[in-house]
Amino acid sequence: MNEADRRGLDSPSLNGPVCIGRADVTPCCVILESINDGVFIVGPDRRITSFFNRAAEEITGFSSEEAMGRYCFDVFRSDLCQTRCPLELTMNTGQAVYDQPCTIINKAGEEVAVSTTTAPIRNGEGEVVGAVEIFRDLSLVEALRKALSARYRLGDLVSKSPRMQEIFEILPDVAESDSTVLIQGPSGSGKEVLATAIHDLSLRKGNPFVKVNCGAIPDTLLESELFGYVRGAFTDARRDKPGRFSLANHGTLFLDEVADMSPALQVKLLRVLEEKRFIPLGGTTPVKADVRIIAASNRDIERRVKEGRFREDLYYRLNIIKIELPPLCERSEDIPLLVENFISKLNSLKRKCVSGVSHEVMDLLMNYPFPGNVRELENILEHAFVLCRGPFIEKRDLPCDLLEKAVSSRKTWERGPLACSEAQTIEQILEKHGGNRILAARELGMSRSTLWRKMKRFHLQ
């Protein structure tokens, strides 16, 4: 068997350009016909020319006779054909494309998840005269992945951490109850996503879900935003304007950052919760409020009550069902799931096909404390997604400030007080001796190998 045949018999991730001449095709085809991966060969015009194996027939639904002479995109109907065609990229650059995930439409009109690899075919002079495409049916893998994903998903919430799973377990009952809910958690932890999930699982899901950020609207405007106003209530009030309570009628009103509400508005909100009625600004007639309230805050409202900055009676009205969202650094096992979820969304929105992140990037994300929580992770991935030119997001695609913060955070976040003190001492002795490890180890009273291990542990240069 010649070298071309040996290359042609490799796994779907071909190890280099395939050089198949007319005489070389037949012995390769004998083997390729028996494998479970689909294989076909195209010429420079992207028509299927000399080969379309049995697995290709089973996956696409087209017979070899039907496929021969047709354009590849008429048979292998992939979601990459019109945007980032691997075959076209291979023939234009002469470079192989490895393990590119995509979805094809088979002859019966069904979607099939596949992974495809392409490599160039060269003639004796080294010129690209065609390409070979090898694709693997991932339907079973995709079905298992979706089943596993469904286990850790509730609406737009994705998590497998024990604390979040406890929330998932009670959420359907919370949603059905129609009681007021108070969500507490750090900024960016997903309070609005959780509130949306509660609404979508409730009996009010067919009615409006209205959001208002109490901390972003000046106190003078917030009252009219919540309750609306009538014509003539103030200068330029030339017509009635419904407030958020009216817009959310029969639905759900989400009050974000409710702890920032002024004492005067706290009194009015309390009255609405107790009487289920409100009076628009400048009006005299009460309006019925058939609205479910979901409130959220990144502050400890109980502490603000003790400090006299939040009404105790309003707190107990809001705190019928309390849900506390943990920060992302306390549920790092969710990072791979969230990465997959965000990349899938970005692929749909921006019509790209990024498979995921590299092992190096995942390691960095898993060891980063995420002070901005889930929102910060989403922003990082969107930045990297825009810059990514390959199938996987690499370290070079990440924001520069993230890489700088990741280094400094590793020096502090992963260490306790004693470790921080030890690291600081080692750093000072190394600086004193100009980075000379022999002299530093001698002064510290440890061997060079011990010093090296500690430097590696504390990420010291």
Side-chain angles (χ1 to χ4, degrees), residues 154 157 159 161-199 201-202 209-219 222-223 225-227 244-245 248 252-276 278 289 291-331 334 369-376:
L154 189 63
L157 289 167
S159 178
S161 75
R163 289 176 65 182
M164 291 297 292
Q165 284 295 309
E166 289 175 6
I167 294 173
F168 283 12
E169 190 174 342
I170 67 169
L171 214 57
D173 296 325
V174 171
E176 191 177 344
S177 71
D178 211 40
S179 299
T180 302
V181 179
L182 176 62
I183 304 171
Q184 286 200 185
S187 181
S189 58
K191 297 186 292 295
E192 185 177 325
V193 178
L194 178 59
T196 304
I198 293 172
H199 173 75
L201 291 169
S202 73
F209 176 73
V210 178
K211 298 173 281 188
V212 56
N213 190 322
C214 302
I217 302 174
D219 193 51
L222 185 56
E223 182 178 357
E225 279 294 319
L226 288 174
F227 307 117
R244 303 293 177 96
F245 271 95
T252 303
L253 179 62
F254 176 54
L255 299 175
D256 198 9
E257 305 305 344
V258 70
D260 294 336
M261 190 177 285
S262 71
L265 274 177
Q266 290 177 31
V267 174
K268 294 184 178 181
L269 177 59
L270 176 63
R271 187 174 300 143
V272 175
L273 292 174
E274 289 178 339
E275 300 176 1
K276 304 295 182 184
F278 65 92
V291 175
R292 182 186 193 171
I293 299 294
I294 300 178
S297 177
N298 63 359
R299 304 178 188 274
D300 186 344
I301 299 183
E302 193 169 354
R303 178 183 293 179
R304 292 175 76 85
V305 169
K306 293 177 181 177
E307 295 170 350
R309 301 170 68 184
F310 198 86
R311 291 185 63 94
E312 186 175 20
D313 46 5
L314 176 58
Y315 172 64
Y316 289 121
R317 277 289 180 183
L318 295 174
N319 192 28
I320 295 175
I321 299 174
K322 185 176 181 179
I323 300 176
E324 294 198 25
L325 281 176
L328 185 56
C329 64
E330 292 181 10
R331 52 185 181 106
D334 289 342
F370 286 103
N373 293 294
V374 179
R375 184 184 295 124
E376 184 181 10

**Student:** Roughly how far, to the nearest 0.5 Å, is NZ of Lys211 from CG of Leu253?
**Tutor:**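 Leu253 CG to Lys211 NZ: 12.0 Å, rounded to 0.5 Å.
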
**Student:** Who pairs with Arg309 by salt bridge (charged side-chain N to carboxylate O under 4.0 Å, His left out), at least two apart in sequence or on another chain?
**Tutor:** Glu307

**Student:** Report the C-alpha separation of Val291 and Phe278 in whole Å, then their side-chain angles, then the decisive distance to 0.1 Å, and conclude whether the side chain to side chain contact (heavy atoms under 4.5 Å, CB included) test is met.
**Tutor:** CA-CA 11 Å; Val291 175; Phe278 65 92; over 6 Å; no

**Student:** Can you name the closest pair of heavy atoms from Ser179 and Ile321 and give their distance?
**Tutor:** CB-CD1, 3.9 Å

**Student:** Atom CZ of Arg317 and atom CD of Glu274: how far apart are they, to the nearest 0.5 Å?
**Tutor:**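 The CD atom of Glu274 is 4.5 Å from CZ of Arg317, to the nearest 0.5 Å.
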
**Student:** With a 4.5 Å limit on heavy-atom distance, are the side chains of Phe227 and Val272 in contact?
**Tutor:** yes

**Student:** Where do Cys214 and Glu257 come nearest, in terms of heavy atoms and distance?
**Tutor:**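 So the two residues come closest at CB-O, 3.5 Å.
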
**Student:** Distance check, rounded to the nearest 0.5 Å: Phe245 atom CZ versus Leu269 atom CG?
**Tutor:** 5.5 Å

**Student:** Is any side-chain heavy atom of Arg304 closer than 4.5 Å to one of Asp300?
**Tutor:** no

**Student:** Would you give the length of the straight line joining atom CD1 of Ile294 to atom CD1 of Ile183, rounded to the nearest 0.5 angstrom?
**Tutor:**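 Answer for the CD1-CD1 pair, Ile294 versus Ile183, is 6.0 Å.
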
**Student:** Taking all atoms of both residues into account, what is the closest heavy-atom pair of Leu325 and Pro186, and its distance?
**Tutor:**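 Minimum heavy-atom separation between Leu325 and Pro186: O-CD, 3.5 Å.
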
**Student:** Return the OG to CZ distance between Ser189 and Phe370, rounded to the nearest 0.5 Å.
**Tutor:**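 Spacing of OG (Ser189) from CZ (Phe370) equals 14.0 Å.
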
**Student:** Within the 4.5 Å heavy-atom criterion, are Arg244 and Leu255 side-chain neighbours or not?
**Tutor:** no

**Student:** Ignoring hydrogens, what is the shortest heavy-atom contact between Ala195 and Phe209? Give both atom names and the distance.
**Tutor:**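 In this case the closest contact between Ala195 and Phe209 is O-CE1, 3.8 Å.
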
**Student:** Nearest 0.5 angstrom please: Arg163 CZ to Glu166 CD, how far?
**Tutor:**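 Going from CZ on Arg163 over to CD on Glu166, the span is 8.5 Å.
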
**Student:** Contact between Arg331 and Val374 at the side-chain level, heavy atoms closer than 4.5 Å - yes or no?
**Tutor:**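 With C-beta onward as the side chain, the pair touches.
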
**Student:** Between Gln266 (side chain only) and Met261 (backbone N and O only), is there a donor and an acceptor less than 3.5 Å apart?
**Tutor:** yes

**Student:** Restricting to non-hydrogen atoms, name the atom on Ser202 and the atom on His199 that form the minimum distance, rounded to 0.1 Å.
**Tutor:** OG-O, 2.7 Å

**Student:** Would you say the side chain of Leu314 lies within less than 4.5 Å of the side chain of Leu273, judging by non-hydrogen atoms?
**Tutor:**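 The answer is yes; the side chains approach within 4.5 Å.
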
**Student:** With a 4.5 Å cut-off on side-chain heavy atoms, are Pro326 and Met164 touching?
**Tutor:**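 When only atoms from C-beta onward are counted, Pro326 and Met164 do touch, with a gap below 4.5 Å.
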
**Student:** Between Leu194 and Phe254, is a side chain to side chain contact (heavy atoms under 4.5 Å, CB included) present by the stated rule, with each step listed?
**Tutor:** CA-CA 11 Å; Leu194 178 59; Phe254 176 54; over 6 Å; no

**Student:** Checking Leu157 against Leu171 for the side chain to side chain contact (heavy atoms under 4.5 Å, CB included) test, could you report, in this order, the C-alpha distance in whole Å, the side-chain angles of both residues, the deciding distance, and whether it holds?
**Tutor:** CA-CA 11 Å; Leu157 289 167; Leu171 214 57; 4.1 Å; yes

**Student:** Mind listing the closest non-hydrogen atom pair of Asn373 and Ser187 along with its distance?
**Tutor:** ND2-O, 2.9 Å

**Student:** Under the side-chain contact (heavy atoms from CB on, under 4.5 Å) test against Asn319, which residue among Leu182, Ile301, Thr180 passes?
**Tutor:** Leu182

**Student:** Before you tell me yes or no, could you show the steps for Leu201 and Val174 under side chain to side chain contact (heavy atoms under 4.5 Å, CB included), namely the whole-Å CA-CA distance, both residues' side-chain angles and the distance that decides it to 0.1 Å?
**Tutor:** CA-CA 9 Å; Leu201 291 169; Val174 171; over 6 Å; no

**Student:** Does the side chain of Leu270 come within less than 4.5 Å of Tyr316's, by heavy atoms?
**Tutor:**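 They are not in contact (no side-chain heavy atoms under 4.5 Å apart), so the answer is no.
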
**Student:** Does atom NZ (Lys306) have a neighbourhood of more than 12 heavy atoms from anything else shown, all under 6.0 Å?
**Tutor:** no

**Student:** Suppose we screen for salt bridge (charged side-chain N to carboxylate O under 4.0 Å, His left out). Which residues come up paired with Asp256, at least two apart in sequence or across chains?
**Tutor:** none

**Student:** Is it the case that the side chain of Arg292 and the backbone of Ala175 share a donor-acceptor pair, with hydrogens and angles ignored and the cut-off at 3.5 Å?
**Tutor:** yes

**Student:** Just wondering, do Lys322 and Glu302 contact through their side chains at under 4.5 Å, heavy atoms?
**Tutor:**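 The answer is yes; the side chains approach within 4.5 Å.
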
